[in-house]
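A note on names: the letters A, B, ... follow the listed sequences, proteins ahead of strands, and every chain is numbered from 1.
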Amino acid sequence: MSDRMLTMSEALREAMAIAMEERPEVFILGEDIGIYGGAFGVTGDLYHRFGSERVRDTPISELGIVGAAVGAALSGMRPIVEIQFSDFTAQAMDQIVNQAAKIHFMVGGELHVPLVLRAASGSGTGAAGQHSQSLEGWFANVPGLKVVMPSSPYEAKGLLLSAIDDPNPVIFLEHKLLYKIPGREEVPEGAYRIPLGVSRVLREGKDLTIVATGIMVSRAMAAADELAVEGVEVTVIDPRTISPLDMDPVYASLENTGRLMVVQEAPEHGGFLNEVIALVATGPALGHLIAPVVRLAGMNVPIPYAPQLEKAAVPQVNNIVAAARSVVADWR
Amino acid sequence: MSDRMLTMSEALREAMAIAMEERPEVFILGEDIGIYGGAFGVTGDLYHRFGSERVRDTPISELGIVGAAVGAALSGMRPIVEIQFSDFTAQAMDQIVNQAAKIHFMVGGELHVPLVLRAASGSGTGAAGQHSQSLEGWFANVPGLKVVMPSSPYEAKGLLLSAIDDPNPVIFLEHKLLYKIPGREEVPEGAYRIPLGVSRVLREGKDLTIVATGIMVSRAMAAADELAVEGVEVTVIDPRTISPLDMDPVYASLENTGRLMVVQEAPEHGGFLNEVIALVATGPALGHLIAPVVRLAGMNVPIPYAPQLEKAAVPQVNNIVAAARSVVADWR
Amino acid sequence: MTTIPLLTGNPLESNVHARYALLTMSRIRKLEEAVEDLFGRGMMHGTMHLSIGQEASATGVCMALNIDDQITSTHRGHGHCVAKGADLTRMIAELLGKENGYCGGRGGSMHIADVATGNLGANGIVGGGIPIAVGAGLASKLMNRGTVAVSFFGDGAMNEGAFHEAANLAAIWKLPVVFVCENNGYGMSSSTELAFAIDTLAERGLGYGIPGYTIDGNDVSAVYEATQAAVQRARNGEGPTLLELVTYRWKGHSRSDKNLYRTKEEIDEWKTKDPILFFEHLLKDKGMITDEEIAQVHAEATSQVIAAVNEAMKGVPADPANLLDAVFKKVSA
Amino acid sequence: MTTIPLLTGNPLESNVHARYALLTMSRIRKLEEAVEDLFGRGMMHGTMHLSIGQEASATGVCMALNIDDQITSTHRGHGHCVAKGADLTRMIAELLGKENGYCGGRGGSMHIADVATGNLGANGIVGGGIPIAVGAGLASKLMNRGTVAVSFFGDGAMNEGAFHEAANLAAIWKLPVVFVCENNGYGMSSSTELAFAIDTLAERGLGYGIPGYTIDGNDVSAVYEATQAAVQRARNGEGPTLLELVTYRWKGHSRSDKNLYRTKEEIDEWKTKDPILFFEHLLKDKGMITDEEIAQVHAEATSQVIAAVNEAMKGVPADPANLLDAVFKKVSA
Ligand SMILES: Cc1ncc(C[n+]2csc(CCOP(=O)(O)OP(=O)(O)O)c2C)c(N)n1
Ligand SMILES: Cc1ncc(C[n+]2csc(CCOP(=O)(O)OP(=O)(O)O)c2C)c(N)n1
Ligand SMILES: [Mg+2]
Ligand SMILES: [Mg+2]
C-alpha cells in the first residue's frame with residue numbers, strides 16, 4: 001500500500017478531483033493553475049481532466065479573483081480559489097474579510113458564501129519576506145471565516161473535502177514544505193471527510209502537552225521521538241482547524257501533564273496560539289498547570305532569505321526538544 | 001484652563017499642525033481630508049492653513065495612497081496617511097504589510113519608511129460590519145510595524161508626535177467614539193511627546209489589574225469608579241502602544257493584585273490582548289495569579305447595525321463591573 | 001402592498017410602462033424622504049446615503065433586467081433595491097433595526113440584499129460589489145443560465161483596484177456583466193475633475209477592450225435603452241459593457257456632509273434637471289399621461305411608503321440573543 | 001572593478017555611449033548566466049527570475065536617467081539594478097547570503113535596493129513597486145527636486161489593482177513618473193493574449209489620460225529614445241507616460257518552470273531577436289564598433305562578473321545573531 005503514501009500536493013489534488021466529480025458547482029480558479037499545474041504543482045493535471053472552464057487560469061489579480069469567487073459562491077457555485085502564496089491574500093483582504101466573511105451575517109442570512117481559499121503558507125524555501133509569511137492569525141480574528149491548517153497529506157485531503165462541503169468561507173493554509181514530502185500515513189483512495197473543528201491527538205504522553213499547528217506538528221512529533229528516548233513523554237495535539245478551535249483534548253491532556261507548550265511558525269508577538277494559552281489561563285485548566293506555559297514561535301522578524309537566517313527565524317526540532325526538556329526538568 | 005479640554009480630533013489636529021510646522025517633509029494625504037475636513041473632521045482647517053499640496057485630497061484608492069506614502073517616505077518625506085475607516089486598510093494591506101513593514105529589514109537597512117497611517121477604528125456609530133472593526137491584531141502580528149491605540153485626547157497628541165518622529169511605519173488606530181468627546185485631562189498647547197512602548201498606569205488598586213486598550217480604557221476607568229464605591233480597588237493599565245508592548249507595569253501590579261483582566265473591543269478569538277495573557281502565563285507572573293485570568297472582548301461576530309445589537313457585541317462598563325466583581329469575590 | 005412586481009421594457013413602450021417607471025422613481029424618492037425624516041427624528045441609527053436625484057438610473061437599468069438577472073449595489077443603494085423589486089416594509093424595518101428587516105437588524109442601510117429579486121446586496125465598501133458581480137456573471141456563464149449581472153457603482157469607485165481587476169476579468173472572459181457607473185460628479189467631496197484626468201468616465205473602458213458609453217442618467221428612457229443594448233450584448237456572449245450614467249445627488253454625501261466642496265448654485269441647477277419632472281414632461285408631451293394620473297402615481301407611492309413605515313414600526317426589535325448563531329450558515333443546510 | 005559609473009545619452013550618440021550600452025547589456029547577461037550557474041551548483045538558495053533576453057529595456061531606460069532619478073524594480077530585477085549602476089559584487093554576495101550583500105542576506109534576489117544609484121528596490125510582489133514609484137514622484141514634486149521616478153513592471157503586473165490606482169494618481173497629479181511595462185508576453189504562464197482583451201498594452205494608458213507607446217523593447221536605442229521623451233515630459237511637469245517595451249524572456253519564469261505554456265519554436269524565434277546581437281549588428285552597420293572591440297567588451301563583462309563572484313564568495317555568511325535588531329530603524333537615527 002505504500003503507493004498511497006502521497007505527498008500533500010497529491011492528496012489535495014485528489015480531494016479537488018473528487019469534489020469536482022461529485023458536484024458540478026465546484027470549480028477552481030487561480031493564477032497558473034492550468035497548463036502550468038500550479039506554482040507548487042498542486043492542481044497538476046486537473047486542467048487536462050476537467051478543462052479550462054472548471055480549472056480556470058486567471059490574470060494576476062488576486063482581489064478580482066477572490067471577488068469573482070465570492071460572487072460565484074453567492075450565485076450557487078462552490079469555488080476553490082488558489083492564491084499562490086498566502087502573502088498575496090494581502091491583495092485580496094477586502095474581499096476575504098469585508099465581503100466573504102461577513103455577507104451571511106450582514107444580510108441577515110439571505111445569502112451565504114461557500115468558498116474555499118487555498119494558499120501556500122510558511123517559510124523554508126528561501127523566498128524571503130514577501131513569500132514566506134504565516135498569516136493565520138489575521139483570519140482567525142475575523143468572525144465568519146473558518147481557518148484550516150493541515151499538517152499532513154492525510155489531513156489535507158479529508159479537511160479539504162469538508163471545507164468544500166462547508167457553506168461558509170474557509171481559508172485553507174498549506175505549508176509549502178509539506179507539498180512534496182510523502183506523509184507518514186496512508187491516504188485512502190476515495191472520499192473521506194475530516195470534520196472542521198475537531199483536534200487530533202497524535203501521540204499521548206504524561207509529561208508535557210504540545211499544541212502545534214501546520215508544519216510544526218511534524219516537528220513536534222520528531223521532537224517527541226527524540227524526547228521519548230530520554231524518557232520524556234509528550235502529548236502532541238494538532239488542532240487542524242484554528243477556527244473553530246477544539247480545546248477539549250488540550251484540557252483533558254493538561255489534567256495529566258500539567259505542562260503546556262505551544263508551537264507555531266508565525267511571529268510570536270500577537271500570534272494565534274496565544275488563544276490556546278488564553279483559553280487555558282482563563283478557565284479551570286489553569287489550575288492544572290504546574291509550570292509556566294512554554295511558547296515557541298517565529299521570531300518577531302520578517303522571514304529572511306539566507307538559509308542560516310531563515311532557519312533561525314522559526315522553531316526547529318532541536319528548539320522544541322530543548323524547551324521541552326527544560327520545562328519538564330525544571331518544573332516537577 | 002478648561003479650554004484645553006480638547007476632543008481627540010482637536011488634539012490630533014494640533015499634533016499634525018505642529019509636525020508640519022516643524023518639518024517641511026511632513027504632509028498628509030487621504031480621502032476628503034481637504035475642504036471636507038476629513039470624514040470625522042480630524043484634519044479640519046489644516047487644508048486652509050497648509051494648502052492643498054501638504055494636505056492632499058486623494059481619489060478613493062487606498063492601496064495607491066498608502067503605496068504613494070511608502071514611496072514618498074523612502075524618498076525622504078514623512079507622510080501621514082488618513083484612512084477613513086480602519087476597515088479599508090484591507091484594501092491597502094499589501095503596501096502596509098508586504099512593503100512598509102518589511103522594506104527596512106529586507107533591503108538590509110539601505111532604506112527606511114517613516115510613515116504614519118492613521119485610521120478610525122471600532123464600533124458604536126451604527127455603521128455595521130464593514131465600518132466598525134478593531135483590526136489591531138493584524139498589525140501587531142506583523143514584525144516591522146509599530147501599533148498605537150490612543151485612549152484619550154492627551155495621549156493622542158503626544159503619541160502622534162512620537163509616531164511622526166519615528167523612522168518606522170506606525171499604524172495609529174483612533175477609536176471613533178473618542179473623536180468628539182472632550183477628554184478628562186488637559187492637553188498642553190505646544191509640542192510634547194509620549195514615547196512609543198511605554199504603558200501608563202492610570203489608577204492603582206490592590207484587588208485587580210485591568211489591561212485595556214483604546215475605547216476600553218475609559219470604560220475600565222468608569223468601571224473602576226463604580227467598583228471603588230463597593231470597595232473593590234482596581235489598577236487600570238493602558239499599554240498605549242501594543243507594538244512594542246511594555247509589560248513591566250502589568251507584572252508589577254500583578255504582584256499586588258494577583259488577578260488579571262484584559263479588556264478589548266476586538267473579537268475575542270485570536271484577539272491581540274491574548275498576548276498579555278500569554279506573557280503572564282509564560283513567565284514568573286504566572287506564579288502571582290490567584291485567579292483565572294478574565295478576558296472581556298468583542299463577541300465573535302461582525303459588528304451588527306441595530307444599536308441594541310451593536311452594544312451587545314462589545315464590552316460595556318457594566319460588563320466590566322460585573323466581571324471584576326465576581327473575580328474578586330470568587331478568588332480570595 | 002409595499003412591493004410591486006418588476007416590469008421590464010422601455011419606459012416609453014406603453015402607458016403601463018410609463019406609469020411603472022414613474023411609480024418606481026416616485027417610490028424611491030418618497031422612500032428616501034421617509035428615511036431622511038426617520039433619521040432626523042432620531043429613529044434611525046448610523047448613517048444614510050440618499051439617492052434623491054438619481055432615481056432614473058436605478059429605474060431605467062432595472063427595467064432592462066429580468067427578475068433572475070442579478071445586481072450588486074452600493075452604500076447609496078436604496079434606489080437599486082426598490083427598482084429591482086424589494087419590499088419597502090422590510091427595507092424600512094431594517095433601517096429601524098427590526099427582526100423583520102431584510103438583515104434582521106444586523107446590516108442596516110448598507111447591507112440590504114434580496115435573493116428573491118436577484119439583489120446580491122448593497123455594500124459599504126466602495127467598489128466592493130464590482131468583482132462580486134463579475135463572479136455572478138461567471139456563475140451564469142459556467143452554468144449556462146442566460147442571466148446577466150449588473151454592477152452599480154459610483155464615479156469614485158472607479159479608482160479602486162477592485163474596479164480594474166473586475167473589469168479586466170469580465171472582458172477577457174466575455175462575461176455577461178454590465179458595469180453601471182452612476183457618475184454623480186463626486187465621490188464624497190472629491191470631484192470627478194480632480195479624481196480623473198479623462199473627459200468621460202466611459203473612456204476608462206478602452207483600457208480593457210470594453211465598450212463604454214456616456215448617457216444622460218436622468219433620462220430614464222435613455223438609461224433603459226443603453227442598458228437594454230448592453231444586456232443584449234451580454235446575453236449574446238459578447239462580453240461586458242461600461243455605462244456611465246451622468247446624474248447628481250441632491251443631498252449631502254451622508255448625514256455629516258456640509259456641502260463645502262460644491263456650490264448651492266450647482267445643486268440648484270441640477271434640481272432643474274429632476275429626473276422625475278423630466279420624465280413627467282416627456283410623457284405629457286407625448287400625451288401618455290395626464291396631470292391627474294401623475295398625481296395619482298405619486299399618491300400611490302406616498303401611501304405605499306407610509307404603509308411601509310407604519311408596518312415596519314410594528315416590528316420586533318432585533319434580539320441580541322442569537323447573534324453568535326448568525327455568523328455561520330449551519331453546515332447541515 | 002565590479003561597478004561602472006552611469007552614462008546617460010543615446011546608445012548611438014557616440015562610440016563611448018555605444019560601448020557603454022553594449023557593456024551594460026553584456027554585464028547583465030553574464031551576471032544572469034552566473035546566477036543560473038550558482039543556482040545549478042546549489043550555491044544559491046530560493047529561486048531566481050532571470051532577465052536574459054530583456055537586457056535592452058533595462059539598459060535603454062537607465063541611460064535616459066540621471067543617477068538621482070529613482071527606479072522601482074521587480075522580481076526580475078537584476079538587469080534594472082545593474083543598469084542603474086549597482087555593484088555586482090554586492091549583488092552576488094546577496095544571492096549567496098553574505099553579510100556584504102546588498103541586504104546583508106536578509107532579502108535575496110527579490111529585494112535588492114541601492115540608495116546610491118536611486119534604486120528603491122526590487123519587489124517580490126507583482127505590481128508592488130508601482131505605487132511606490134508614484135510616491136517617489138510625489139516627493140520629487142513636493143520638494144521641487146526635478147528628479148523622475150521610473151517604475152519597471154511586467155505585463156502581468158498591469159492587471160493588479162496597484163497599477164490602476166498608481167496610474168491614476170500619477171495622472172491627476174501630473175507627477176514626474178514613467179511607467180515602464182516590460183511586456184515579455186507572459187506573466188508566468190499566462191499569455192498577454194489570454195490576460196488582456198486589448199491589442200497593445202500601451203492602450204491601457206487611455207483610461208487614465210496617460211499617453212502610451214509600444215516600443216521594440218529589444219532595440220536599446222529605441223528604448224532610450226522613448227524613455228528620454230517620457231522623462232523630458234515628466235521633468236516638464238506634464239505628467240506620466242506609459243511605455244510598453246515588447247521583449248521576451250528566454251529562460252523559464254523561475255527555476256520550477258517547465259515551459260509548458262509556450263513552444264520551443266517561439267523561444268527559438270525570439271532568440272534570433274537577441275537584443276545584444278541586434279545592437280552589435282546595428283553598430284557594425286554604422287561602423288561604430290569592430291568585432292574585436294565587441295569581443296573586448298564581452299571579455300570585460302565576463303571578467304567583471306567572475307571577479308564579482310570570486311569576491312562575493314569570500315564574504316562572511318550572514319549572521320542570525322542580530323536579526324531582531326534589524327527589524328526597526330533605531331529611533332535616534
Ligand atoms: C474602500 C472604501 N473607501 C472609502 C469609503 C468611504 N466612502 C464611502 S462612500 C464614498 C464616496 C463614494 O463615491 P462614489 O463611488 O462616487 O459614490 P457616491 O457616494 O457618489 O454615490 C467614500 C469615500 C468606503 N466606504 N470604502
Ligand atoms: C501579488 C503577486 N501575485 C502573484 C505573484 C507570483 N508571481 C511572481 S512573478 C509572476 C509573473 C509576473 O509576470 P510579469 O509581471 O509579466 O513579469 P515577468 O515575470 O514576466 O517579468 C507571478 C504570477 C506575486 N509574486 N505577487
Ligand atoms: Mg459619486
Ligand atoms: Mg511578463
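Looking at Phe40(A), there are no atoms closer than 4.5 Å to chain D (heavy atoms on both sides), in backbone or side chain. Heavy atoms closer than 4.5 Å to chain D are found nowhere in Leu63(A), neither backbone nor side chain. For Ala312(A), the part sitting under 4.5 Å from any heavy atom of chain D is the side chain, from C-beta outward, and nothing else. At a 4.5 Å heavy-atom cutoff, Ala90(A) makes no contact with chain D through either its backbone or its side chain. For Met110(D), the part lying under 4.5 angstrom from a heavy atom of chain A is the side chain only.
No other option in Ile35(A), Val301(A), Ile303(A), Leu309(A) has as many heavy-atom pairs under 4.5 Å with chain D as Leu309(A). Contact count against chain A (heavy-atom pairs under 4.5 Å) is highest for Gly105(D) among Gly127(D), Gly97(D), Gly105(D). When the candidates Leu260(D), Leu194(D), Ile125(D), Val126(D) are compared by the number of heavy-atom contacts under 4.5 Å with chain A, Ile125(D) comes out ahead.
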Between chain A and chain D, are any donor-acceptor pairs under 3.5 Å, and how far apart is each one to 0.1 Å?
from	atom 1	to	atom 2	distance (Å)
Asp32(A)	OD1	Ser189(D)	N	2.9
Asp32(A)	OD1	Ser189(D)	OG	2.6
Ser61(A)	OG	Asn159(D)	O	2.9
Gly126(A)	N	His45(D)	NE2	3.3
Gln130(A)	OE1	Gly124(D)	N	2.7
Gln130(A)	OE1	Ile125(D)	N	3.4
Gln130(A)	NE2	Asn123(D)	OD1	3.1
His131(A)	NE2	Gly124(D)	O	3.4
Tyr305(A)	N	Arg106(D)	O	3.2
Tyr305(A)	O	His45(D)	NE2	3.4
Tyr305(A)	OH	His45(D)	O	3.3
Tyr305(A)	OH	Leu95(D)	O	2.5
Ala306(A)	N	Gly105(D)	O	2.9
Gln308(A)	NE2	Gly97(D)	O	3.4
Gln308(A)	NE2	Ala318(D)	O	3.0
Glu310(A)	OE1	His45(D)	NE2	2.8

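The shortest heavy-atom contact between Leu323(D) and Pro304(A) is CD1-CG, 4.0 Å. Annotation for Gly107(D) and Ala128(A): closest pair O-CB, 3.4 Å, computed over non-hydrogen atoms.
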